[in-house]
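Written out below as structure tokens is the structure these notes cover.
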Amino acid sequence: MDLTLQIDTDYSLQEASEVIRSALEHEKHLAKYKVYRYAMICDEYEDQFDLISTEFIQKFEAGEFVMDDEKYFDWYAAKKGLDHWKKRLAVLDAVRF
């Protein structure tokens with residue numbers, strides 16, 4: 001897939017390209033960190049409840065858990081965060097200059 005950017009600036013194409021490349025690299029670094037952190041959180045819950053996160057999400061969304069335990073909501077948020085950042089990282093990894 002190709003993507004065209006229109007940049008309305010007086011700076012040179014090289015200067016604008018360097019700024020965009022740097023911003024994308026920064027975002028990729030952030031995404032890698034977020035994936036790492038959310039994966040660690042999910043791993044802790046998986047160990048605690050002896051259940052993998054994918055199965056937990058299915059059961060949680062089906063209403064199979066008692067909702068008075070905050071840990072379930074925290075785990076749900078961590079898994080959703082992990083999935084979100086994995087997707088962002090996959091897109092950022094696919095960018096070529």
Side-chain angles (χ1 to χ4, degrees):
M1 161 178 44
D2 288 339
L3 176 68
T4 303
L5 295 175
Q6 178 159 342
I7 304 170
D8 297 324
T9 182
D10 292 331
Y11 295 105
S12 72
L13 179 60
Q14 180 180 352
E15 289 171 313
S17 179
E18 288 172 6
V19 169
I20 292 167
R21 179 175 294 143
S22 175
L24 289 171
E25 285 299 320
H26 180 267
E27 186 70 11
K28 187 189 295 189
H29 178 72
L30 175 65
K32 286 179 181 179
Y33 174 76
K34 293 285 190 172
V35 166
Y36 170 76
R37 289 295 297 147
Y38 281 123
M40 283 182 49
I41 294 167
C42 287
D43 287 347
E44 289 174 11
Y45 283 116
E46 288 176 358
D47 290 344
Q48 183 177 354
F49 293 102
D50 195 30
L51 184 67
I52 64 170
S53 292
T54 306
E55 290 177 13
F56 162 74
I57 288 290
Q58 292 171 346
K59 291 181 178 194
F60 182 91
E61 290 177 347
E64 294 184 30
F65 289 96
V66 177
M67 294 303 146
D68 62 349
D69 192 341
E70 278 186 37
K71 291 179 182 179
Y72 294 134
F73 291 106
D74 292 343
W75 188 4
Y76 183 83
K79 176 61 172 139
K80 288 297 187 175
L82 176 59
D83 293 345
H84 168 80
W85 284 101
K86 278 184 172 181
K87 186 183 297 183
R88 287 182 68 99
L89 182 56
V91 171
L92 290 165
D93 276 340
V95 173
R96 300 288 177 259
F97 277 89

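All heavy atoms count here, side chains included; hydrogens, waters and symmetry mates do not.
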For S12, does its backbone N or O pair with a side-chain atom of E15 as donor and acceptor, under 3.5 Å?
yes
Applying a strict under-4.5 Å side-chain criterion to I, L, V, M, F, W and Y, I'd like to know whether [X] and [Y] cluster together.
| X | Y | result |
| --- | --- | --- |
| L51 | I57 | yes |
| L82 | Y33 | no |
| V35 | V91 | no |
| L30 | L89 | yes |
| L13 | L5 | no |

Would a 4.5 Å heavy-atom cut-off, applied to side chains only, mark [X] and [Y] as touching?
| X | Y | result |
| --- | --- | --- |
| T54 | K79 | yes |
| K32 | H29 | no |
| K71 | Q48 | yes |
| V19 | Y11 | no |
| M40 | Y36 | yes |
| F56 | Y72 | yes |
| Y38 | K80 | no |
| E61 | Y76 | yes |

Determine the minimum heavy-atom distance between C42 and A78, stating which atoms define it.
SG-C, 3.8 Å
If you look at every heavy atom in W75 and S53, which pair is closest and at what distance?
NE1-OG, 2.9 Å
Taking atom CD of Q14 as the centre, does the number of heavy atoms from other residues, nucleotides or ligands within less than 6.0 Å exceed 12?
no
NE2/H84: more than 12 non-hydrogen atoms of other groups inside 6.0 Å:
yes
Between CD of E25 and CD of E18, what distance do you get to the nearest 0.5 Å?
13.0 Å
Classify the angle between the aromatic ring planes of Y45 and F49 as parallel (below 30°), tilted (30 to 60°) or perpendicular (above 60°).
parallel
For the pair K87 and D83, evaluate salt bridge (Lys or Arg N to Asp or Glu O under 4.0 Å) and give the outcome as yes or no after the intermediate values.
CA-CA 6 Å; K87 186 183 297 183; D83 293 345; over 6 Å; no
